[in-house]
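These numbers come from the heavy atoms of this one structure, side chains and all, not from hydrogens, waters or symmetry mates.
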Amino acid sequence: MTEPLLRVRDLKTYFVTEHGSGTARAVDGVTFDVLPGETLGIVGESGCGKTVTSLSILRLIPEPPGHILPGSFIEFEGRNLLTLDPRELRAIRGNRIAMIFQEPMTSLNPVFTVGDQIAEAAIVHHQVSRRAARSRAIEMLRLVGIPDPDERVDHYPHQMSGGMRQRVMIAMALVCRPQLLIADEPTTALDVTIQAQILELIDRLQAELGMAVLLITHDLGIVAGSADRVVVMYAGQVVEQAPTATLFARPLHPYTEGLLASVPRLDAPPARARGRLRSIPGQVPAATAWPEGCRFHPRCPYAWDRCRAEEPPLLDAGGEPGTHAVRCWLLTDPRRRTPHP
Amino acid sequence: MNVGNWLALGGAAIVALAAVAALRRRITATASGRRFFRHPTAVPGLFVLAFFVTIAIAAPVVAPYPPYFQIDITNPDLPPSTQFLLGTDPYSRDVWSRLVYGARVSLGIGAVAMLVAATIGTAVGAVAGYFRRWVDTALMRLVDVGLAMPRIFVLLMAVALWEHIALWVLVLLIGLTGWFGTSRLVRAEVLSLRERDFVVAARAAGAGSVLLEAGLSFLGLGVPPPAPSWGNMIADGWHKMTVAWWASTFPGLAISLVVMAFNALGDALRDALDPRRAGEEGGEGGGAA
Amino acid sequence: MATWLVRRLAASIAIVFAVVTITFFVIHAAPGSPFLPAESQHLTPETLRRLSTEFGLDRSLPEQYLLFLRNVVRGNLGQSFALRRPVADALADAIPNTFTLALAALIIDFALGLALGIYQAVRAGRVGDVVSGNGALLVNSMPVFWLGLVLLLVFGQWLRWAPVGGLSNPVLCPRLDSPACGLDFLWHLTLPALTLGLVGAASTARYQRAAMLEVIRQDFVRTARAKGLRERRVLLVHALRNALLPVITLFGLAFPFLFTGAVLVETVFAWPGMGRLAVNAIFQRDYPVVTGAALLTSAMVVLGNLIADVLYAVADPRIRVRSETA
């Protein structure tokens, strides 16, 4: 087995809420690996902690109110990111690990040209001259498929469409040829046709540059097309983890089942209202008060006494060892997999 | 200061506290009211204003001397003592007593001028925002002109041309020259419905009026002496600042405190009415998405 | 950009024109003839006749208005009664002093205000922010002339660190014709400039803090951090460039404040500028000087706003590009 590029172990990121209503346990003991060159998808509804997980890797969580608990461990290329001093951390940010965000409209600085913003990372990390950085920026713009890059390099973000801006974000992230790209809902804010183009672009660049991608999304459809493996998150925890094909063919966690049932299919009428998963009843609980026992039990059609009392660990679901894990008591008692009347 | 004055002063502080507490009970029923009182400067600001308003109303019992009373004209400029809390001025008048009566004049001018400015500003802004087209254009060009003429120069011109102006005319003039900014914001508000900008504008009009009165009176062109406005008091003590610093320092401090309270309340009110901050209250900590 | 600038310039001229017109009619609405106030008996009949012809007091109102306009355009603002010289000359003597004072105050205002505002925003909610924030609010609430008096008392009288007023030492430096006298002038400038500058800085800091806090929580600041930039560069380049945009508006607002404040501060510090000239003129009922000063000040304010608009357009590419294509 190859050595993982990124190793996340028992990551806990909590937020102290204002006015003393308690601590929001946004990410509560998350563990996963990213292998070199692969695409790992992290899926879940909004509020499940997937964005906080991605921000925690580069320590971009605003502190306060947030903080990563001691005992958490994030290892990248053999070094623990959580104990690096600021200078060492900066040498990784934007250089070895780069990130693109959900909102291309607000994630670019409105007062600098896109060329300057792309070139900046190259200047900071690779100590290239302004001139060289500028031609790197033009080259990156061409790489991400922006027409007339020589002209576009001097444009400001507001002169570009949403899809173009996301391409610029990608160019900016990849200018230093990172080993890992974290893409947090990269297409959510875009039109459907543009979405497909951006995903295709990420796939192509991943193949060309040989980097790993951590793809964070609420959309299983995107995962199905791009990811090698999938981590499903619910209520700050990993609830299921499997190779993409396995997950779609044999979802074991009731929450994954629900998610899959809500993906629109050609052979069935669309079941998903925008942003809301219709087939799973109820809502994600507040991060300040996760339910006792299994955190999914209030919404689970199979829940029984044990689920309400005892929190399940990640259990191995068989198949090739260590590939498919599920946080559900059903694995110990498969006969209960019949919905309550 | 006799025992009665001290008791009255203590009483005024208690009344002011009670007023703040009563207001707090009233207002915290609403979400924006709670936000207002959570602001760290809201309570001190309210208290300072309530306190000055109370002593202004209760001036005859809080002040040991009448405001014009010259205690001993052969022996002026006495330093602060238990008898003369803030000393006496170059005309041998008790500074504390004049400060207390001066609160009536200065706060009154601030309040009336703010009222005039807010009324006219709101009316003009609403008309401009409602009718649009040429009415809007004409009124807003007028506002441009009004904003281009510094208020103090307009007032100086008026005073220079009309020789002696009555106090009420002065107050009216201060109000009449202070509405331009308000109207511009109200117009924007009619177009986009934002009450917080109005708060900002009203605060500026009120605080600006108190400061403007002080400036004009300091130049000898404001409230006619010997009426005890705070600006007049600074002007009276100015030339003997080196021997009797207290006569000018304390009224200036009073102005600063009141204007600061006003600004602090404005800040708290603006933040309380800010819809974006309103959204923060219900949200969970952190951007868990 | 050029057409936009021309339009903006035309609007500015229109505003100054309106101010001139209002000034003219205010003078005519005042009791008595504008150039024959009750107290000016010291004017010789000859001067009065000359003034009458010069300003055409014997003609009809529209004619007088046109004459007045023509005179203003030519820089003829009339004759000062008290100073017995043209108003324009008296103003020309005073303007450099006021301008120097305003410029020095402006530098203190923005240098101190921006630094403090950025510091407060970066340390938001901590002790340093709360203490300096309340301090700024207090200074911002002070009557500017009173702050001048207090500074004068403390630094001029008690500590004797600074002179108590005037432009320069009247005995040693009656004229500014040596480097030593230049220093003497700067030394005299310190307290008045500090007075105006501190009050301005308090207000600038409050705006700057709010603007910075607004910007710091925006997405592109996180993007800048994710790029691996130093925190200094994130705050002082990426955040600050955006936070400066609203402050440019403040630059336009600083002009009225500086000129209004100068009237009072010049009186306190016996600084022979436009403000003191105007105030003295009022006491002598010398209103050609008062109206001249008002006119000039309005022109300065309009100019300040114009400069702020141009700066804003230069600093914000969204506006710059729009006006280029327009």
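Of the residues considered (C:Asn305, C:Val130, C:Thr297), C:Thr297 shows the highest number of contacts with chain B, using heavy-atom pairs under 4.5 Å. Looking only at heavy-atom pairs under 4.5 Å with chain B, the residue among C:Val263, C:Leu149, C:Val16, C:Val279 that has the most is C:Leu149.
Both the backbone and the side chain of C:Ala293 come within less than 4.5 Å of a heavy atom of chain B. Both the backbone and the side chain of B:Ala264 come within less than 4.5 Å of a heavy atom in chain C. Interface remark: C:Leu138 contributes backbone and side-chain atoms alike to the contact with chain B (heavy atom separation under 4.5 Å). Residue C:Val268 touches chain B through both its backbone and its side chain, counting heavy-atom pairs closer than 4.5 Å.
Every residue two or more places apart in sequence or in another chain was checked for a salt bridge (Lys or Arg N to Asp or Glu O under 4.0 Å) with C:Arg276, and none qualifies. Legend: residues meeting side-chain contact (heavy atoms from CB on, under 4.5 Å) with B:Phe180, ordered by chain and number and at least two apart, are B:Val143, B:Leu147.
Distance check: B:Leu86 CG to B:Met233 CE gives 8.0 Å after rounding to the nearest 0.5 Å.
Although no hydrogens or angles enter the test, the distance criterion places no donor-acceptor pair under 3.5 Å between the side chain of B:Asp236 and the main chain of B:Ala247.
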Item to check | Pair B:Glu213-B:Ser217, side-chain hydrogen bond (donor to acceptor under 3.5 Å, both in side chains): steps then yes or no | outcome: CA-CA 6 Å; B:Glu213 179 276 319; B:Ser217 297; 2.7 Å; yes
